[in-house]
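Please read the structure below before turning to the comments.
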Amino acid sequence: MAFLTLTPITKRRVQQFKANRRGFWSLWIFLFLFVLCMSAEFVANDKPIVVSFEGTLHFPIFQNYPETYWGGDFETETEYRDPYAQELIEEKGWMIWPPIRFSYDTINYDLPTPAPSAPTWENVLGTDDQGRDVAARVIYGFRLSVLFGLALTVMSSIIGVFMGAIQGFYGGKIDLVLQRIIEVWSSLPSLYILIIFAALFVPGFWTLLFILLLFSWMALVDVVRAEFLRARSLDYVRAASALGISNSVIMFRHVLPNAMVATMTFMPFILTGSITALTSLDFLGLGLPPGSASLGELLAQGKNNVDAPWLGFTAFIVLGVMLTLLTFIGEAVRDAFDPRKMKL
């Protein structure tokens, strides 16, 4: 198909990315883990995936059913882990459960030992100090961390590229004023500001995203600014300006594609930093609301429960694998866009 045709330079970049075997396989492993966690409700849930009752299929994952629907006594939502509810359903049908019969907030009241409970066949990675399944919290926490990091990376990159383009293309007083503003803003104690915001506002996904966005957008400004400063004096930019093409068209159609080469090499590392920032805030208790599926909160539990080593080890291994994969991918992307390593 025409729109899938790659330019020769793009083909060389793809080949160079594949040549970095470590980064290439890290990408596939990360994509597999990401797709697995994106379907977390089908992997770890306290509700069946499919229920066949009186010959009709039902999907409790997508729709709530009261217990009276199955012939029970209560009009509240069915507690499918309750043996009584299971007996009601199995009398007239059957159920297909996810591999892990716990959601990230499901409390296991039938533990062999007081929480935190060591790994068992039912809780393969054990439970935390509130009796919640660690494996389920890891799956949901992985998804939340990656989605948060991707959202923060995209938003901060858009703002950083725009500000860097304005500074580099126009230069002069605009560049001088904006550069001084950025220097002042970057020198502010971001941790103290985050603590103040966390005290003023109810912590949440979008609140944290906005607070971290206030400081993360500056990561790409200097790179894009340097690319635009170099490109604005090139002949094709001057020729386009002499032909009467508007500055916005020159900036975003002719100069920006060249600046995006440097930008793309930084984005995987920005994603890594975004995930680390969220994990750090959750570890300090300044992040997501209590009870959220958070890898940082799992780390904090590992610190507070040294007699439950599976908590700390699980959080450390998951974060280590995630950040290592993203770092390897970032190195491969950097090599793919490096003209010195380009295979001509």
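Any value given below was found using the heavy atoms of this structure, including those in side chains, with hydrogens, waters and symmetry copies removed.
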Flag for N123-N108: side-chain donor and acceptor within less than 3.5 Å: yes
Spacing of OG1 belonging to T327 relative to CG belonging to L271, to within rounding of 0.5 Å: 9.5 Å
Donor-acceptor contact below 3.5 Å, side chain Y140 vs main chain A44: yes
Least distance between heavy atoms, W70 atom then T78 atom: NE1-OG1, 3.0 Å
Donor-acceptor pair between D335 and Q16 side chains, under 3.5 angstrom: no
L288 and E297, any side-chain heavy atoms less than 4.5 Å apart: no
Closest contact, heavy atoms only, G204 versus P289: CA-CD, 4.0 Å
Among Q167, Q179, E227, side-chain contact (heavy atoms from CB on, under 4.5 Å) partner for D222: Q179
Spacing of L213 atom CG and I159 atom CD1 [to the nearest 0.5 Å]: 4.0 Å
Main-chain N/O of L214 paired to W185 side chain as donor or acceptor, under 3.5 Å: yes
Taking every non-hydrogen atom, the tightest pair across S292 and R137: O-NH2, 2.6 Å
Any donor-acceptor N/O pair, S187 side chain to V184 backbone, under 3.5 Å: yes
In one Ile/Leu/Val/Met/Phe/Trp/Tyr side-chain cluster, 4.5 Å: I317, V124: yes
Member of L31, L27, I29 meeting the side-chain contact (heavy atoms from CB on, under 4.5 Å) criterion with I329: L27
E183, CD atom: more than 12 neighbouring heavy atoms under 6.0 Å: yes
Main-chain N/O of I61 paired to E41 side chain as donor or acceptor, under 3.5 Å: no
Salt-bridge criterion met for R101 and D133 (N-O under 4.0 Å): no
Co-membership, hydrophobic cluster, residues F328 and W28, 4.5 Å side-chain: no
Aromatic plane relationship, F24 with F17 - under 30° parallel, 30 to 60° tilted, over 60° perpendicular: perpendicular
Smallest separation among heavy atoms of L209 and F148, with atom names: N-CE1, 3.6 Å
L298 side chain near V138 side chain, heavy-atom distance below 4.5 Å: yes
Side chains of W97 and Q86 in contact at under 4.5 Å (non-hydrogen atoms): yes
Presence of salt bridge, K92 and E87, under 4.0 angstrom: no
Within 6.0 Å of CH2 in W94, more than 12 heavy atoms from elsewhere: yes
Mutual orientation of the aromatic rings belonging to F62 and F42 [parallel < 30°, tilted 30-60°, perpendicular > 60°]: tilted
Reported CD-to-CH2 distance for the pair Q301 and W310, which is rounded to 0.5 angstrom: 11.0 Å
Donor-acceptor contact below 3.5 Å, side chain T56 vs main chain S52: no
Where P98 and P48 come nearest, the two heavy atoms and their spacing: CD-CA, 4.3 Å
Between CG on residue L152 and CG on residue L208, distance to nearest 0.5 Å: 10.0 Å
Pairwise side-chain contact, S274 with L212, heavy-atom cut-off 4.5 Å (strictly under): no
V321 and its side-chain contact (heavy atoms from CB on, under 4.5 Å) partner, picked from T324, L323, V318, L325: L325
Exceeds 12 heavy-atom contacts within 6.0 angstrom, atom CZ of F59: yes
Between S117 and T113: side-chain donor-acceptor atoms closer than 3.5 Å: yes
T127 side chain near F102 side chain, heavy-atom distance below 4.5 Å: no
Shortest non-hydrogen contact between A135 and I100, atoms and distance: CB-CD1, 3.9 Å
Flag, side chain of N305 to backbone of A308, donor-acceptor distance under 3.5 Å: no
Side-chain touch I182/W217, heavy atoms, less than 4.5 angstrom: yes
Gap between atom OH of Y104 and atom CZ of R143 - 0.5 Å precision: 9.0 Å
Under 3.5 Å: donor-acceptor pair, side chain of S145, backbone of F142: no
Student check: side-chain heavy atoms of Y84 and E79 closer than 4.5 Å: no
pair H58-Y65: side-chain heavy atoms closer than 4.5 Å: yes
CD1 on I166 to CE on M251, rounded to 0.5 Å: 4.0 Å
Whether S103 side chain and N45 backbone form a donor-acceptor pair below 3.5 Å: no
